[in-house]
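Taking it in order: structure first as structure tokens, then the write-up.
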Amino acid sequence: MAQIVGGLATSHIPAIGNAIARGKQQEPYWKPFFDGFPPIHAWLRQVQPEVVVVFYNDHGLNFFLDKLPAFAVGAAAEYRHADEGWGIPTTAPLAGCPELSWHLVEQLTAAEFDLTVCQEMQVDHACTIPFQLFWPDQQPAPVQIVPIHINTVQFPLPTARRVYELGRVVGRALGRWDDARRVAVMGTGGLSHQLEGERAGFINKRFDLQFLQSMETNPQWATQFSDRELVELAGTQGVELLMWLAMRAALTEAGSGVRLVHRHYHIPISNTATGVLALEVLP
Ligand SMILES: [Fe+2]
């Protein structure tokens, strides 16, 4: 049985990739964001996850608006970074974990999730930047990954309730994986932001802080909202917080509860509210 050590979540704004590439972490604009990570680095050195299941949303790299699955699971031996733009230098490929991918595909299908399975899959900044943030001194990050894409681009989106169930089934499947490796679950995206239209630059600090608190004490809280309500509360791209919800739901199927390792909130970075979170699963 695999051991779920905990959950990680962070914003994945493309500008972060440029800040890392140019060594701007200590500059006044960036320092308040990057200061959210050292306590989590210390925790990761202790628990040393070997495999990471990462919920993220593709931004038009694998899937465009003409064909966009609600849920897609990567089942590749490696994932090459091929970003869609933004001038981010590409990073080294991330190692896959096909044996866990296929286990999750089998378990999710048995639980009546109809998936797209990707035996070849490129990844964009939503998948690569978090690994640069959480393992800044080791590139590529010393883990194998299973990326799970959730559509937050083309409406209608999967409901928060459905995403929560997806995460729960992933957590249960990890508990059934006949392997002793240490696994972490990650969600990337958000928090509140909107890039276009009359509300471009929209940030909702009150909602973000409520959402962050729910991650600790009331994980199902966000499932009360429809996709349109989430857009109203968090912005058109703020709906990426669904990835955090999937991560948190997975942890409900492991251990006896969670302990907050560290959380951090900073506004704005590039017109976006940023959040960082690490939760440890209690035995
Ligand atoms: Fe994004």
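Side-chain atoms are counted along with the backbone in the values below, which use heavy atoms only and exclude waters and symmetry mates. One-based numbering, in listed order, for ligands and for the atoms of each.
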> Hey, is there an N, O or S on H59 sitting under 2.8 Å from the Fe ion (ligand 1)?
Replying inline: yes

>> Keeping W221 on the side-chain end and F211 on the backbone end, is there a donor-acceptor pair under 3.5 Å?
In response: no

> Between the main-chain N or O of L195 and the side-chain N or O of Q237, is there a donor-acceptor pair closer than 3.5 Å?
Replying inline: yes

>> I'd like the atom name of the N/O/S atom in H12 lying closest to the Fe ion (ligand 1).
In response: NE2

> Taking just the N, O or S atoms of E240, which one is nearest to the Fe ion (ligand 1)?
Replying inline: OE2

> Would you call F37 and H262 a side-chain contact if the rule is heavy atoms closer than 4.5 Å?
Replying inline: no

>> Given the ring of F225, does R161 sit roughly above its face, with NZ or CZ under 6.0 Å from the centre of the six-membered ring and within 45° of the axis?
In response: no

